[in-house]
S.K.: 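The following block contains the structure, expressed as structure tokens.
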Amino acid sequence: MHLLRDRGFIHPIPSEITPQAVYEQRRRLLKTLAAGAAGSVLAAWAARDARAAFAGPGKLPKLAAAPSGVAGGATMEKVTDYQDATTYNNFYEFGTDKSDPASNAGKLKTRPWTVAVEGHVAKPQVFDIEQLLKLAPMEERIYRLRCVEGWSMVIPWIGFSLSELIKRVEPTGNAKYVEFVTLADPKQMPFVGSRVLDWPYVEGLRMDEAMHPLTMLVFGMYGEVLPNQNGAPLRLAVPWKYGFKSGKSIVKIRFVEQQPRTAWVKSAAQEYGFYSNVNPTVDHPRWSQATERRIGEGGLFAKKRPTLMFNGYEAQVGQLYAGMDLKKNY
């Protein structure tokens with residue numbers, strides 16, 4: 001039995017229900033809410049074709065996906081405008097300004113593309129991107145994205161749980177962590193080689209984090225394949241962690257026994273911890289984490305919103321950190 005949570009309401013969903021049925025139930029729920037206290041604005045939102053609202057501009061190939069039935073997989077918050085989500089990015093391989101990735105990522109060639117899966121697994125393999133696209137049914141999940149710099153977005157990603165890949169390579173008992181290595185090609189990425197980070201960009205998750213259903217291998221957004229500046233052709237989305245934990249343009253996944261030394265830990269361990277869970281009670285030395293600025297909501301002077309523990313996914317992931325000191329393990 002799953003629980004569908006919508007604006008404070010909790011609705012039981014039988015475990016055998018299909019993703020399409022979950023989506024239809026969400027739409028019916030929105031219409032019900034709209035008829036009551038939610039008012040005419042929500043009614044208008046519910047009345048339109050919700051999936052069409054998440055479409056990109058149509059310049060990239062479409063990527064079909066069913067609505068997700070994963071608990072926590074579809075926030076009801078307003079989705080960030082596609083233009084904002086694709087022009088306000090951190091992708092330091094293409095530059096350090098927010099507009100640099102959109103300006104400089106056009107040279108990135110996403111075909112051919114392979115991802116090597118290695119380390120403590122029974123079935124190491126090199127996957128072609130076309131193999132990965134067919135590995136499991138595509139789902140659309142609407143996740144909050146929280147940057148450690150104090151801004152946030154809501155993005156409809158397309159992909160499937162990373163666990164689908166992990167199960168196929170059969171990790172051994174020595175696999176305690178998963179390390180993600182991203183492309184570092186100075187011919188395509190003009191800032192690779194700069195001193196801002198130690199290249200290639202490396203991130204990592206504990207095995208139980210990597211296996212969590214919300215941890216997503218992403219191939220698209222807004223109904224289309226990923227734009228280069230957003231991590232094409234595949235990236236991670238780990239919605240309860242700060243955005244930098246979700247590596248882009250992945251070329252290698254390694255199953256390791258020791259905690260990986262990630263790019264930001266190597267660069268500034270006093271500022272960036274391995275876990276990097278969204279936590280409004282633990283500030284970054286340069287940015288308060290208590291509140292956030294939602295991109296597209298009134299500009300720089302808009303009122304900030306309170307940041308939620310684990311970015312609003314505490315019900316789904318809080319148990320992963322039971323007994324841990326989250327100020328020490330930041």
Side-chain angles (χ1 to χ4, degrees), residues 88-98 100-101 143-153 162 176-184 189 191-210 212 214-216 218 230-231 235-254 256 258-293 295 304 307-314 317-318 320-321 324-330:
Y88 193 90
N89 310 106
N90 283 330
F91 200 168
Y92 285 179
E93 287 88 336
F94 296 105
T96 54
D97 289 340
K98 294 292 184 289
D100 284 346
Y143 283 171
R144 302 177 193 90
L145 170 67
R146 174 62 155 79
C147 181
V148 73
E149 297 168 350
W151 54 267
S152 63
M153 296 182 181
L162 176 64
K176 309 299 183 185
Y177 297 88
V178 187
E179 180 183 75
F180 305 91
V181 182
T182 66
L183 182 68
M189 299 169 152
F191 271 65
V192 168
S194 66
R195 295 183 179 181
V196 65
L197 286 172
D198 183 11
W199 309 102
Y201 192 92
V202 173
E203 258 307 334
L205 297 171
R206 207 169 60 190
M207 180 62 74
D208 57 349
E209 296 176 318
H212 194 280
L214 286 176
T215 300
M216 190 177 185
V218 174
N230 290 89
R235 58 168 290 163
L236 285 182
V238 191
W240 71 93
K241 294 179 178 289
Y242 294 116
F244 65 84
K245 291 294 292 184
S246 297
K248 303 178 179 76
S249 301
I250 296 169
V251 294
K252 185 179 294 185
I253 300 174
R254 300 181 65 238
V256 298
Q258 302 299 319
Q259 182 174 293
R261 289 204 70 214
T262 63
W264 282 109
V265 167
K266 284 191 247 182
S267 175
Q270 71 281 7
E271 297 186 12
Y272 300 91
F274 173 79
Y275 285 97
S276 296
N277 294 318
V278 176
N279 188 339
T281 70
V282 178
D283 288 337
H284 184 279
R286 284 175 282 145
W287 303 291
S288 168
Q289 301 304 332
T291 60
E292 63 199 63
R293 175 174 60 93
I295 300 301
K304 293 184 177 182
T307 290
L308 303 174
M309 187 66 193
F310 295 112
N311 203 25
Y313 298 94
E314 185 171 12
V317 304
L320 297 179
Y321 310 101
M324 289 181 61
D325 183 343
L326 297 180
K327 292 188 176 180
K328 181 179 179 181
N329 297 287
Y330 58 90

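Here the structure is a predicted model, which is why all the values come from computation and not from measurement.
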S.K.: Is K241 salt-bridged to E209, cutoff N-O under 4.0 Å?
M.R.: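 The answer is yes: the pair qualifies as a salt bridge.
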
S.K.: Pairing donors with acceptors under 3.5 angstrom, does anything connect the side chains of Y242 and W264?
M.R.: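 No - no donor-acceptor pair under 3.5 Å links their side chains.
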
S.K.: Are the side chains of F180 and L162 in touch, meaning some heavy atoms are under 4.5 Å apart?
M.R.: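 Side-chain contact under 4.5 Å: yes.
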
S.K.: How about N89 and K98: does a side-chain donor come under 3.5 Å of a side-chain acceptor?
M.R.: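 The answer is no; no qualifying pair exists.
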
S.K.: Which distance, rounded to the nearest 0.5 Å, do you find between the CZ of F274 and the CG of L205?
M.R.: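 F274 CZ to L205 CG: 6.0 Å, rounded to 0.5 Å.
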
S.K.: Quick one: closest heavy-atom pair of P260 and E179, and the distance?
M.R.: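 Distance-wise, the nearest heavy atoms are CB-OE2, 3.7 Å.
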
S.K.: Output the distance between atom CZ (R206) and atom NZ (K176), rounded to the nearest 0.5 Å.
M.R.: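 The CZ atom of R206 sits 12.0 Å away from the NZ atom of K176.
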
S.K.: Where do N90 and K248 come nearest, in terms of heavy atoms and distance?
M.R.: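 Taking N90 first and K248 second, the nearest heavy atoms are O-NZ, 2.9 Å.
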
S.K.: Return the OG1 to CG distance between T182 and L236, rounded to the nearest 0.5 Å.
M.R.: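 Result: 10.5 Å between the selected atoms.
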
S.K.: Checking L197 against W199 for the side-chain contact (heavy atoms from CB on, under 4.5 Å) test, could you report, in this order, the C-alpha distance in whole Å, the side-chain angles of both residues, the deciding distance, and whether it holds?
M.R.: CA-CA 6 Å; L197 286 172; W199 309 102; 4.1 Å; yes

S.K.: If you measure from CZ on R235 to CG on N230, what distance do you get to the nearest 0.5 Å?
M.R.: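 One finds 6.5 Å between CZ of R235 and CG of N230.
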
S.K.: Step by step, would you call Y313 with L214 a side-chain contact (heavy atoms from CB on, under 4.5 Å)?
M.R.: CA-CA 9 Å; Y313 298 94; L214 286 176; 3.8 Å; yes

S.K.: Could you pull out the closest heavy-atom pair between L320 and D208, with the gap in Å?
M.R.: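 Minimum heavy-atom contact is CD2-OD2, 3.8 Å.
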
S.K.: How close do N311 and W240 get, heavy atom to heavy atom, and via which atoms?
M.R.: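 Where N311 meets W240 most closely, the heavy atoms are CB-CA, 4.1 Å.
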
S.K.: Is any side-chain heavy atom of V278 closer than 4.5 Å to one of T307?
M.R.: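 Yes, their side chains come closer than 4.5 Å.
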
S.K.: Where is the tightest heavy-atom contact between S246 and V238, given as atom of each residue plus distance?
M.R.: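 Here S246 and V238 meet closest at OG-N, 3.0 Å.
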
S.K.: How many angstroms lie between atom CD1 of I250 and atom CG of L183, to the nearest 0.5 angstrom?
M.R.: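 Those atoms lie 11.5 Å apart.
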
S.K.: Tell me the closest heavy-atom pair linking D100 and F94, and the distance in Å.
M.R.: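 Closest pair (atom of D100, atom of F94, distance): CB-O, 3.4 Å.
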
S.K.: Roughly how far, to the nearest 0.5 Å, is the CD atom of E93 from the OG atom of S249?
M.R.: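 Answer rounded to 0.5 Å: 7.5 Å.
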
S.K.: Compare all side-chain heavy atoms of E203 with those of F244 and state whether any distance is below 4.5 angstrom.
M.R.: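 E203 vs F244: side chains touch.
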
